[in-house]
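Encoded as structure tokens, the structure appears first; notes follow it.
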Protein chains: 2
Amino acid sequence: MKPKLEDVAKLAGVSKTTASRVLNNRGYLSDETLKKVHDAMETLNYQPNAAARQLFKRKTGLIGLIFPTVSNPFFGELVNYLEYELYQRDFKVIIGNSLHDINKETDYLNQLLAGQVDGLIVGTHNQGIEEYKYSHLPVVAIDRVVNSDIPIIESDNYKGGVLATQRLINAGVTRIIHTNGPSALETPTQRRREAYEAVMNEYGLEPHTFTIDFSLSFAEKKQRYNELFSIYPDMEALFVSNDVDASIIMTIANERGRKIPEDLLLVGYDGTDLMRNVIPELTTIIQPIENMAKIAVDVLVKRIEGIKTESEYILPVNLWEGKTSSR
Amino acid sequence: MKPKLEDVAKLAGVSKTTASRVLNNRGYLSDETLKKVHDAMETLNYQPNAAARQLFKRKTGLIGLIFPTVSNPFFGELVNYLEYELYQRDFKVIIGNSLHDINKETDYLNQLLAGQVDGLIVGTHNQGIEEYKYSHLPVVAIDRVVNSDIPIIESDNYKGGVLATQRLINAGVTRIIHTNGPSALETPTQRRREAYEAVMNEYGLEPHTFTIDFSLSFAEKKQRYNELFSIYPDMEALFVSNDVDASIIMTIANERGRKIPEDLLLVGYDGTDLMRNVIPELTTIIQPIENMAKIAVDVLVKRIEGIKTESEYILPVNLWEGKTSSR
DNA sequence: TTGTAGGCGTTATCAC
DNA sequence: GTGATAACGCCTACAA
């Protein structure tokens, strides 16, 4: 079967120890044995066994990522950058998509927390995981509050909400609707709603937040957003909490004969590379995804190495000015 | 630190063996010891060590996925489905994004092939990996030719090319341009080009394939596609090899004052859930992504279990009729 | 400069 | 029903 170090040693005529030393470049070795062992490895096509190494070193070189789904551009780009940053630091990535399946999320967390990985980056709610289970493993959260011990990396959601709302008010409209996820979920995206409501109130305008579950299918979302149009037939503008949903709304508006921007203004959220290129006309708030990934990895690695870090990192957002936010 | 089975055994007043039996529900056990051991695990918050298990069982429960990048909707959705299917069969997923970095791809493959995983699903070119290295590990390829031993799962790219080209010809145009990746890469997407050329020739039309590297950034792609418009100022239609690029072309056409579809027809490729909802007006060829994932996992699992499989699976595609393919 | 021995945590075999 | 023991493949004191 697969050759082990002992086979290499035997072939090279040395002991396992010496072969191991060659493998890991440790200690003094004569050029001759060096060559013999290297040759033996070559001819046997030897590759060290990962499990055995992990067992001995008591680390796995793996980081777990738990996110709703990589098929959404925001999480896709985020995971892409996270994987890149982790690779730079010699970590590989185990990924779990938890959308639509709370059991799966719990299951994953339990298994990964059990020592399958050296650390964890989570972007989900983690309901049903007892706090003490986190105690043995470094964890970092992106855009989610997990518990007080776990550092959180997020962009400035409140500022983003202010920028978006302000932009629409500056465009001269007053009947502005906001869409967001269920407020029961204690996610940072709720700060966008808080900002929206604060700014609206500040201007003496009435805030209306339309709640929609992010995990709905496209078909279900379409139906919900059609309801939105029926509930607020005289709305003049929408601040939508992500760009994909904003694009669905653009389609619906089109079907219903409401022209954007002449007849309805729109601001989205996230500003992924993909969506900014696919729908460049959509005004949106850009989250610094790459930077969020960098910092998340930085903080996680520090925690793994036992170095203290801040417990909250809030990164700045930017307004991307498209054509959907002014007439 | 982390409790091991021995600690559990000691606390419960039994041997490691018995504790292990309880853990794995094996053999006969008295209700009393069962309870004692369970209690001990509870109070210690015991979790079995993954590396030790892997070492003993000589399997990892992990499958490696190597794809260009999950930030592209096609691969994002594919990986999402793959992860889902694998989870159903008790496999976790290690992911490597190889875009822009051939060394990283090689590095990943070498490491994963070394036994870090029980199997591999690849969607990249794998240049520079010697064939024999694949010999120890079950591998399945999606949309790529790796080598003769490795089964390939793909959608019917030739048929897709025919459908797209035919659709445009039926719309009454003759100057139809096709875009695709470098033909030096022996990828199945080249069959779309072959189909395009065959159909064009069949109708006595002159095929023109515009080559563009898929791994370019958005900015670079924009520049390239602007060149395309300059090179073929009188083109009447485009068959673009993916939907994201098609959307970039829509933006450029718009900037250049070429109205779609009045002035330029367009057919894309891939038909991901995301793009079909974000740009429903784009006519495209739908690849059966979910099904490709299912079959890939199916075949891989069979190979892991030593069951023979076909060496090629070609899945049917469909035309999604939007508004960009007829006047 | 190289070799011997023991342990990382788990499981299976074989006795009792 | 339960317990010793060896083995999975690698690495590092310690000895030589």
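Just so it is clear, the values below take in all heavy atoms, side chains as well, and ignore hydrogens, waters and symmetry mates. Just so it is clear, the model here is predicted, and its values are computed rather than measured.
Between S15(A) and dG3(C) there is a side-chain N or O to OP1 or OP2 distance below 4.0 Å. For dG9(D), the OP1/OP2 oxygens have no side-chain nitrogen or oxygen of Y46(A) closer than 4.0 Å. Under 4.0 angstrom from either OP1 or OP2 of dG3(C) there lies no side-chain N or O belonging to Y28(A). Phosphate proximity of dT10(C) to S20(B): absent, as no side-chain N or O sits under 4.0 Å from OP1 or OP2. Taking only side-chain nitrogens and oxygens, T18(A) comes nearer than 4.0 Å to OP1 or OP2 of dG3(C).
Within a 6.0 Å sphere centred on CD of E32(B), heavy atoms belonging to other residues, nucleotides or ligands number 12 at most. Residue-environment remark: NZ (K59(B)) stays at or below the threshold of 12 foreign heavy atoms within 6.0 Å. Residue-environment remark: NZ (K35(B)) stays at or below the threshold of 12 foreign heavy atoms within 6.0 Å.
Mapping T33(A) and K57(B) onto DNA chain C by nearest heavy atom places T33(A) closer to the 5' end of the strand.
Minimum atom distance to the side chain of R21(A) is reached by dG3(C), of the listed dT12(D), dG3(C), dT10(C). Closest to the side chain of S30(B), from the set dT11(C), dG1(D), dG9(C), is dG1(D). Comparing dG9(D), dT11(C), dG3(C) by their nearest atom to the side chain of L55(A) picks out dG9(D).
Using modelled atom types, no side-chain atom of D39(B) and backbone atom of K36(B) make a donor-acceptor pair closer than 3.5 Å.
Note on T17(B): a base of the nucleic acid sits closer than 4.0 angstrom, heavy atoms only.
In this structure, the CG atom of N49(B) is 13 Å from the C1' atom of dG7(C), given to the nearest Å. Distance K4(B) NZ to dT11(C) P: 14 Å, rounded to the nearest Å. Look at NZ on K16(A): it is 9 Å from C1' on dC11(D), rounded to the nearest Å. Atom CZ in R53(A) sits roughly 19 Å away from atom P in dC8(D) (whole-Å rounding). Atom CE in M41(B) sits about 9 Å away from atom P in dT10(C), given to the nearest Å. Rounding to whole angstrom units, CD of residue E32(A) and C1' of dT1(C) are separated by 12 Å. Atom CZ of R26(B) and atom P of dT11(C) are 8 Å apart (whole Å). One atom, CG of L29(B), and another, P of dG3(D), lie 10 Å apart when rounded to the nearest Å.
Taking all atoms of both residues into account, the shortest heavy-atom contact from I289(A) to T272(A) is CD1-CG2, 3.7 Å.
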